[in-house]
Amino acid sequence: MTEILVQVSKYVLLLLIVLFTMNAFLVMRTKDPDVRKRHTGSEISVIILFDIVAFLIMYLKTREFRMLVILAGLLLYTVLIQLLYRLLYRKASIPLVNTMCMLLSVGFVIQARLDLDTAWKQLIITAISSLFCLIIPAFIRRVKVMRNLSWFYAILGILLLGGVFALGRVYGGANLNLEIGGISFQFSEFVKITFVFFIASMLKETATFRQVIRVSFLAAIHVGILVISRDLGAALIYFVAYMVMVYVATKRVGYVALGLGGMAAASVVAYRLFAHIRVRVQVWRDPFQDYEGTGYQIVQALFGVCAGGWFGTGLFNGNPEMIPLAKQDFTYAAICEEFGILFGIFLILICMSMYLQIVSISTKLSNRFYRLVSIGLGTEYAFQVFLTVGGTTKFIPMTGITLPLVSYGGSSIMCTIIMLSIIQGLYMMREDEGEEKELLQEIIRRQNEKEQEINARRAAGRRGRTMAVSQDAAGRRSGRNSRNASARRSRSVTAPAGQMPRSGGTAPAEQMPRSGGAGAAEQMQRPGGAGAAEQMQRPAGTAPVSYGSRGTAPVSAPGRGRTYKDPGREARQRQPDYLPDALQMTPNELEREMPDFEDLSRKIQDETEKSLNY
């Protein structure tokens, strides 16, 4: 019965990792918060089910109570890390947290399968590291001085690597660890972070050729110390991160070509100088040449990958303990043996989804320093996965690099969790920038709406004033026409005595045309034969003609003997003292009747703005 459950469980575990992988990619594709929340909830459910199924199967196979203890601790860790991130950081990237928890779950399962003591130590280191790293996102968001410490990062990294080279102990032919107080530290893992911060701070403002030369010189010192220490895997990770960050900062392919050329030349030199590099290359080319010697590790790893097939042998049905360094460098081979090659492929896809999430975060950061930090850390993570899987499957020579969050290694686990915490801080900074941008857009939108409302009110006011002015102008013209008609009738009734009234169509004497060109007007005689051609005089005692009660003196008409009053003269000489009356005039009337039209226009504009509460 137990064997049947084991065989069924490997398909269940494969189905669970497939579901998680699908949700990991779908959550990056959608922008709807509700859909993202549904996908992240599905991811958490898959993680919990995966842990329960795997550890219960291992408990049935071994009857080891510590399996249940580790299961309880792992479930508690998963729930607590989810709750703490949601409570402390409302803007945290939950998909990134879920991906980290899934990779940790796979690692705890395979470590418990290989060695319970190792799994328990790994769980303690992970819990402590995660609790410590909870302050890092807030630190990244608040402390801005970090981007100005380029020389501090460079000197610190060189000192740490130099200290390991001088005082560290040799492990696997390389100086990797430095023991302090009984605890072994691999400082090359921590220097990966300071190395990225150093390059980002140097290239955050300018990426001139001189600046690139400075960065290259200091980066070469880091890589050179690692090469001398025979830590070739870390040296490759540093170099690739340096190349990617320089390209992102400069956008020049020429620097990449120079870097690749330099790496090729350095590889040839290292192959000639270091014997252990020649051994690894020979093993990579033909591991069966020395099957029981130098090629034993890679051959056993290949046997383990092939022994599992597509679906694996099932938990405790394989022999992953026969693979050398199965808990560290060849963990991927042990996973493929008992979980299957398909499981291993989907594990790589989960690692790829984490890298894509980091790249997505970096592309949306506006600050150049933080963008370079994000892309640098993501590159280090992705290339580390590539070196581990490629070395295990004989795609590239083995470099002795662990699989992040899966393989055993306290320094590797702690460093990876710190890197992901930094990414979380950068993600929250991106969310802050997004909220500020949305707030600015909302302010601009409201200002535009207010301006449109004011313009509409102005247009309505202008239309109303134009209609009122037109009506008033029509009334004024009608009044003037009526007054002019009355004045003409009054003049015709009260004409002077010396002027002949118009009757029967007969023209006055002074308007009769000249004839013969001899000045007939001088020869005209008054009736009765009296009077010569002099101007006609008003008879004594005759009163002047009345033109109304405006008090304006009569004006002599040019070329005529009679006088009349100009109806528009008073309007042309009068400037209105009451501004609202002027508001009812058209601009043409104002220009025709007002001496200072520009000053009056300014007054009208001020009055209009006051009336609109602008």
Side-chain angles (χ1 to χ4, degrees), residues 9 12-13 16-17 19-20 23-24 27 37 39-90 92-138 183 315 327 331 335 339 347 350 354 403-421 423-424:
S9 67
V12 173
L13 295 176
L16 290 174
I17 199 170
L19 292 176
F20 185 91
N23 282 281
V27 77
K37 187 176 180 180
H39 286 310
T40 54
S42 300
E43 289 177 344
I44 297 173
S45 301
V46 168
I47 294 170
I48 294 175
L49 287 175
F50 182 88
D51 294 337
I52 293 174
V53 172
F55 277 95
L56 286 180
I57 292 298
M58 289 191 292
Y59 172 75
L60 292 176
K61 291 287 290 186
T62 62
R63 300 296 176 178
E64 185 70 49
F65 182 73
R66 288 188 297 173
M67 288 287 184
L68 300 180
V69 175
I70 295 176
L71 172 61
L74 182 56
L75 292 177
L76 180 63
Y77 169 81
T78 303
V79 173
L80 283 180
I81 202 68
Q82 295 284 340
L83 291 176
L84 288 175
Y85 264 103
R86 283 172 168 80
L87 292 176
L88 297 178
Y89 303 111
R90 182 177 56 86
S93 175
I94 301 302
L96 192 62
V97 177
N98 292 343
T99 306
M100 179 188 72
C101 291
M102 185 62 193
L103 293 174
L104 286 172
S105 296
V106 175
F108 285 126
V109 170
I110 195 64
Q111 295 301 327
R113 162 64 181 88
L114 296 172
D115 188 352
L116 280 174
D117 295 332
T118 301
W120 181 249
K121 291 179 182 178
Q122 187 94 324
L123 180 59
I124 294 175
I125 294 173
T126 302
I128 295 175
S129 302
S130 299
L131 290 176
F132 169 75
C133 292
L134 283 175
I135 66 173
I136 292 180
I183 301 176
L315 287 169
K327 294 183 289 186
T331 306
I335 292 173
F339 292 93
L347 182 62
I350 292 175
M354 176 175 284
L403 188 60
L405 300 176
V406 179
S407 300
Y408 173 73
S411 298
S412 177
I413 285 286
M414 184 178 295
C415 175
T416 306
I417 293 176
I418 292 174
M419 291 171 58
L420 294 177
S421 300
I423 298 298
Q424 286 286 0

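- Atom CD1 of residue Ile44 and atom CD1 of residue Ile94 lie 7.0 Å apart, to the nearest 0.5 angstrom.
- Side-chain atoms of Val69 and Trp120, non-hydrogen and from C-beta on, do get closer than 4.5 Å to each other.
- A donor-acceptor pair is defined here as one N or O able to donate and one able to accept, closer than 3.5 Å; such a pair exists between the side chain of Gln111 and the backbone of Lys327.
- Note: Thr126 OG1 to Tyr77 OH = 6.0 Å, rounded to the nearest 0.5 Å.
- For the atom pair CD (Gln122) and CG (Asp115), the distance works out to 11.0 Å, reported to the nearest 0.5 Å.
- Atom CD1 of Ile81 sits about 9.0 Å away from atom OG1 of Thr78, to the nearest 0.5 Å.
- Counting only heavy atoms from C-beta outward, the side chains of Phe339 and Val109 approach each other to under 4.5 Å.
- Between Asn23 and Thr40, every side-chain heavy-atom pair lies at or beyond the 4.5 Å cut-off.
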Intermediate values then yes/no, side-chain contact (heavy atoms from CB on, under 4.5 Å), Lys121 and Tyr408: CA-CA 9 Å; Lys121 291 179 182 178; Tyr408 173 73; 4.0 Å; yes
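- The minimum heavy-atom distance linking Gly107 with Ile110 is given by the pair O-CG2, 3.2 Å.
- Residues Leu74 and Phe108 come closest through the heavy atom pair CD1-CD1, 3.3 Å.
- Taking each heavy atom of Gly410 and Ile125 in turn, the nearest pair found is CA-CD1, 3.8 Å.
- In this structure the side chain of Leu420 reaches within 4.5 angstrom of the side chain of Met354, judged on heavy atoms.
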Would you tabulate the side-chain donor-acceptor contacts of residues 46-61 under 3.5 Å, counting partners in other chains and residues two or more places apart, or write 'none'?
{"residue": "Asp51", "atom": "OD1", "partner": "Ser105", "partner atom": "OG", "Å": "3.0"}
{"residue": "Asp51", "atom": "OD2", "partner": "Ser105", "partner atom": "OG", "Å": "3.3"}
{"residue": "Lys61", "atom": "NZ", "partner": "Asn317", "partner atom": "OD1", "Å": "3.4"}

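- Counting heavy atoms from C-beta on, the side chains of Gln82 and Asn98 come closer than 4.5 Å.
- Between the CG atom in Leu405 and the OG1 atom in Thr416 there is a gap of 5.0 Å [rounded to 0.5 Å].
- Across all their heavy atoms, Cys133 and Pro137 have their closest contact at O-CD, 3.2 Å.
- Proximity of a side-chain donor or acceptor of Glu43 to a complementary backbone N or O of Ala24 within less than 3.5 Å is detected.
- Interatomic distance, Leu88 CG to Ile135 CD1, rounded to the nearest 0.5 Å: 11.5 Å.
- In plain terms, the two heavy atoms of Met414 and Ser129 that are nearest each other are CE-OG, 3.4 Å.
- Using a 4.5 Å heavy-atom cutoff, the side chains of Val406 and Ile335 are in contact.
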